[in-house]
Every structure is written in structure tokens, then in C-alpha cells.
Amino acid sequence: QVQLVESGGGLVQPGGSLRLSCVASGSIFRINKRGWYRQAPGKQRELVALITQGGSPKYADSVKGRFTISRDNAKNTVYLQMNSLKPEDTAVYSCNGEIASYERRLVYQAYWGQGTQVTVSS
């Protein structure tokens with residue numbers, strides 16, 4: 001059993017910052033790519049940022065220069081530092097991970113967290 005749990009969401013004023021965390025726990029053998037996605041009301045879920053096992057990041061154009069994704073492999077944790085937040089960043093943010101469990105070491109499965117609300121408003 002593998003679980004992903006996000007934390008760090010909340011209400012922030014435009015121009016402010018938040019740091020999201022996502023911890024993976026359970027029967028984890030290896031974690032490949034990690035990512036953050038978001039879904040605003042009435043919109044489809046979209047990719048915000050990805051990071052490879054080796055630490056190479058990729059960002060959506062809308063967040064480049066404002067958001068930073070990082071990971072601590074020893075803690076099975078991925079972070080999303082969000083600066084210069086805008087009202088259009090308001091969404092439920094969910095983390096994702098490609099994870100191989102000890103029971104199935106040769107197969108990476110996609111796991112999702114439950115999501116954390118980020119609201120940017122004055």
C-alpha cells in the first residue's frame with residue numbers, strides 16, 4: 001500500500017508565497033518521476049511541474065519563473081515553492097508519483113494524493 005499526502009495549501013494574497021509538500025509512504029521500493037497538478041473549478045486538471053528521479057524539472061509556461069519544484073529522495077518528499085501568486089493560480093493542487101512497490105519492483109504505478117486547496121485572493 002502506497003499513500004501520498006499533501007500539505008501546505010491555504011489562503012494567500014496576490015503576490016504572496018506558499019510551499020506545498022507531498023510525502024509518499026508505504027511499501028515503496030523506488031520512485032521515478034514526481035509531479036504537481038492543479039484543477040480549478042470548471043476546468044480540466046493541468047500539469048504544473050514535473051521532476052525526474054535525477055532532479056531535472058519541467059514547468060508549465062504559466063508558472064515558469066514563479067514556481068520551483070524540488071524533491072528530497074531520502075524523505076520520499078516532493079515540494080512546490082510558489083512565489084508571486086496570482087488569483088488565476090487558485091485551484092486544488094495534487095501531487096503524483098510513479099512508484100514501484102516492494103511487491104511489484106519492476107512496475108511503476110501512478111499514485112495520487114488527495115489534493116490541497118490553494119486560494120489566491122485579496
Side-chain angles (χ1 to χ4, degrees):
Q1 184 93 10
V2 174
Q3 288 185 323
L4 275 63
V5 179
E6 302 99 337
S7 61
L11 173 64
V12 64
Q13 292 187 341
S17 298
L18 282 175
R19 189 193 194 205
L20 305 182
S21 300
C22 175
V23 180
S25 63
S27 181
I28 297 171
F29 176 66
R30 183 178 289 124
I31 303 178
N32 193 19
K33 286 186 292 186
R34 306 288 303 268
W36 287 96
Y37 292 75
R38 67 186 181 187
Q39 187 168 20
K43 294 187 177 181
Q44 289 189 330
R45 184 167 60 192
E46 62 175 353
L47 172 67
V48 176
L50 281 175
I51 187 166
T52 66
Q53 189 176 39
S56 297
K58 177 181 178 181
Y59 299 96
D61 288 341
S62 59
V63 306
K64 281 181 181 176
R66 301 188 297 122
F67 290 11
T68 302
I69 188 170
S70 60
R71 63 191 288 171
D72 184 333
N73 291 332
K75 297 181 179 180
N76 289 336
T77 301
V78 63
Y79 305 96
L80 186 68
Q81 177 66 43
M82 304 186 294
N83 299 328
S84 302
L85 282 161
K86 304 175 181 180
E88 51 263 43
D89 294 318
T90 296
V92 175
Y93 285 71
S94 301
C95 71
N96 164 276
E98 294 179 349
I99 300 173
S101 65
Y102 275 102
E103 293 77 15
R104 302 183 70 190
R105 301 183 185 189
L106 300 181
V107 179
Y108 283 110
Q109 290 181 262
Y111 291 88
W112 291 88
Q114 81 288 351
T116 185
Q117 177 70 46
V118 171
T119 302
V120 185
S121 175
S122 55

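Index from 1, following the sequence. Quick caveat, the model's predicted, so the values are computed rather than measured.
Between Gln39 atom CD and Gln44 atom CD the span is 8.0 Å, to the nearest 0.5 Å. Interatomic distance, Asp72 CG to Arg34 CZ, rounded to the nearest 0.5 Å: 10.5 Å. The CD1 atom of Ile51 sits 7.5 Å away from atom OG of Ser56, with the distance rounded to the nearest 0.5 Å. To the nearest 0.5 Å, atoms CG (Leu11) and CD (Gln117) are separated by 9.5 Å. Residue Met82 holds its CE atom at 11.0 Å from OG1 of Thr68, rounded to the nearest 0.5 Å. The distance from the OH atom of Tyr108 to the CZ atom of Phe29 is 8.0 Å, given to the nearest 0.5 Å.
Ion pairing between Asp61 and Lys64 holds under the 4.0 Å rule for side-chain N and carboxylate O.
Ring geometry, Tyr93 versus Phe67: the interplanar angle falls from 30° to 60°, so the pair is classed tilted.
Remark: the backbone N or O of Leu20 is not paired with any side-chain donor or acceptor of Glu6 at under 3.5 angstrom. Side-chain atoms of Tyr59 come within 3.5 Å of backbone N or O of Ile69 as a donor-acceptor pair. The closest donor-acceptor contact from the side chain of Gln109 to the backbone of Ile99 lies at 3.5 Å or more, if one exists at all.
In terms of heavy-atom proximity, Ala40 sits nearest to Ala91 at N-CB, 3.8 Å. Closest approach of Leu4 and Cys95 over heavy atoms only: CD2-SG, 3.6 Å. Taking both residues in full, the closest heavy atoms of Asn96 and Ala110 are given as ND2-CB, 4.0 Å, listed atom of the first, atom of the second, then distance. When all heavy atoms are compared, the tightest approach of Asn83 to Ser17 is OD1-OG, 2.9 Å. Contact detail for Gly9 and Val118: the closest heavy-atom pair is CA-CG2, 4.2 Å. Taking both residues in full, the closest heavy atoms of Asp89 and Arg38 are given as OD1-NH1, 3.0 Å, listed atom of the first, atom of the second, then distance.
Other residues, nucleotides and ligands contribute only 12 or fewer heavy atoms inside 6.0 Å of the CD atom of Gln1. Environment of CD in Gln53: crowded, with over 12 heavy atoms of neighbouring residues, nucleotides or ligands closer than 6.0 Å.
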- Message: Before you tell me yes or no, could you show the steps for Leu50 and Tyr37 under side-chain contact (heavy atoms from CB on, under 4.5 Å), namely the whole-Å CA-CA distance, both residues' side-chain angles and the distance that decides it to 0.1 Å?
- Response: CA-CA 9 Å; Leu50 281 175; Tyr37 292 75; 4.3 Å; yes
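Linking ILVMFWY residues whenever their side-chain heavy atoms come closer than 4.5 Å, directly or via other members, leaves Val48 and Tyr111 in distinct clusters.
Side-chain N/O atoms of Arg71 and Asn73 include a donor and acceptor closer than 3.5 Å.
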